[in-house]
Amino acid sequence: MAFALNSYPITYRAKFFNGKWDEEYLEKPHRTPETEAAMSAEERDKIENSRNCYDDMPLVNYTSQYGLACFEGLKALPQKDGGLAIFRPDRNAARFSKSMQGLYMPPFPDELFLKACIETVKRNTALGFCPQYKPEWEKDAFMSADSVYIRPFTLAEGGIGVNISKEPWVLIITTPVSSYFSGGNFDTVVTDRIRATPRGTGWIKGSSNYTIAAMAKHEAVQAGYMECIFLDAIEQKYVEEGSSCNIFFYLKSGELVTPELGDTILPGITRASIIELARDRGINVSERKVAIEEALEETKECFVSGTAVGATPITSITWKGKKVIFNNGTEGEFTADIRNTIKSIQYGTLPDTKGWMMRVI
Ligand SMILES: *Cc1c(COP(=O)(O)O)cnc(C)c1O
């Protein structure tokens, strides 16, 4: 399953028109999940593809032509005691609205975002489209566990002249996912491409940021790495983040460092949660500039964070042809603890003392 698109049938769609959001839920073609599971791969592809097609939306628009769009990614997770809960959706709602404003779109109200995410998951669940909690996931600390990935995104109105989107759609689709990184290696390479520039859009969860990220990640994977790491645009000296994830260095001194936020780094919700969990453990956490040279010399453990990746260990970084291996090429104790804690809160095997989980059913 990994991170492939197998859209569930119910989609949420809202259109900004005459100063307000008109909402609807669309039921795309489907059979029962059991009938679909019994179909041939070809038949199943056909029905799943049909759920990704909308013949009443404009092909030529400011998103397809100029990359004017932003999105969110959040998860609804099957709970140990039954039902589903979403991890910190209020944070995604706030960031989505900020991203839209950053792109000069009318912001989508937080209340609508929360309600639509919950309702979309609920309606798909009612049709039987949702993963079931499996106690065996506890054995590998939820590394192989399933969840519902929720993808809210904007789509611009039709148009050909370069323009901002004044009357966008907001759509929410859901798809089942398991673990994100499929390969067995956790090696990374520093790319000399530049993801985000000062005064640019790096702080926005914008689709256009992903052009360079996708190219750099492709190059890294072709060269045998799991992920690429970006440095700052000006000096090519300070670590910024991965292609779609934030980065942490647990130093030999016991300090946990992650690059400070600014206009070139995406303010990750997993990042913020990890900072909080580490501080609760009495760890000295710094959000500051971290030079690649310092990171390579002083790091005991390294990991990346994000909704899709959770907290994933990085066992080596290659920079200028030199490979530096951390913790003998294995996941460190601190990383495993943080990874485990987040997942356990998310799947409900640890108490949610911070009120991070929002119940769907
Ligand atoms: C979404 C994203 C992240 C991770 O953010 P989370 O809120 O933790 O999922 C990190 N970097 C980039 C570039 C992103 O788009």
Side-chain angles (χ1 to χ4, degrees), residues 3 67 69-77 86-100 102-103 110 113-114 117 147-154 174-175 177 179-181 188 191 193-198 200-218 220 226-233 238-249 258-278 287 302-312 314 335 338-339 341-343 345-346 354 356-358:
F3 197 58
C70 59
F71 64 91
E72 274 303 325
L74 57 167
K75 279 179 174 176
L77 307 112
I86 310 182
F87 183 68
R88 309 193 80 176
D90 52 318
R91 293 294 191 107
N92 297 87
R95 189 172 63 190
F96 192 53
S97 141
K98 258 182 104 172
S99 291
M100 291 180 80
L103 297 171
D110 290 18
F113 182 100
L114 290 173
C117 285
S147 58
V148 181
Y149 186 81
I150 307 169
R151 168 56 61 86
F153 62 100
T154 67
T174 52
T175 178
V177 287
S179 71
Y180 180 74
F181 289 117
T188 64
T191 174
R193 290 194 184 275
I194 290 162
R195 190 192 84 90
T197 52
T201 56
W203 61 278
I204 294 172
K205 207 166 173 73
S207 305
S208 64
N209 293 335
Y210 274 83
T211 305
I212 293 165
M215 290 160 64
K217 174 150 183 186
H218 171 77
M226 175 186 78
E227 174 63 309
C228 61
I229 293 172
F230 288 97
L231 303 182
D232 74 281
Y238 298 104
V239 178
E240 298 226 309
E241 57 178 310
S243 65
S244 59
C245 38
N246 298 111
I247 192 162
F248 284 84
F249 301 97
T258 189
E260 65 193 351
L261 297 178
D263 57 2
T264 60
I265 293 183
L266 200 285
I269 295 158
T270 320
R271 175 188 179 279
S273 309
I274 289 172
I275 290 172
E276 209 174 315
L277 291 173
E287 297 178 68
C302 176
F303 58 94
V304 288
S305 75
T307 297
V309 305
T312 296
I314 297 300
T335 306
I338 287 287
R339 175 173 56 70
T341 305
I342 291 235
K343 291 275 184 208
I345 295 171
Q346 291 181 331
K354 293 171 183 295
W356 283 347
M357 305 308 296
M358 186 175 281

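Start at 1 and go down the list; that is how both ligands and their atoms are numbered. Note that these values count all heavy atoms, side chains included, but never hydrogens, waters or copies made by symmetry.
- Protein residues with any heavy atom under 4.0 Å from ligand 1: Arg95, Arg195, Lys205, Tyr210, Glu241, Ser244, Cys245, Asn246, Leu266, Gly268, Ile269, Thr270, Gly306, Thr307.
- Considering only heavy atoms from C-beta on, Phe87 comes within 4.5 Å of Leu77 through its side chain.
- Here the two rings, on Phe230 and Tyr238, have centers that are 6.0 Å apart or farther.
- Scored by the side-chain contact (heavy atoms from CB on, under 4.5 Å) test, Ala272 finds Arg91 as partners (sequence neighbours excluded).
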Test log, rule side chain to side chain donor-acceptor pair (under 3.5 Å), inputs Glu287 and Thr258: CA-CA 5 Å; Glu287 297 178 68; Thr258 189; over 6 Å; no

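- Phe249 places a side-chain heavy atom less than 4.5 Å from the side chain of Val239.
- Residues Glu72 and Arg95 are in side-chain contact: their nearest non-hydrogen atoms beyond the backbone lie under 4.5 Å apart.
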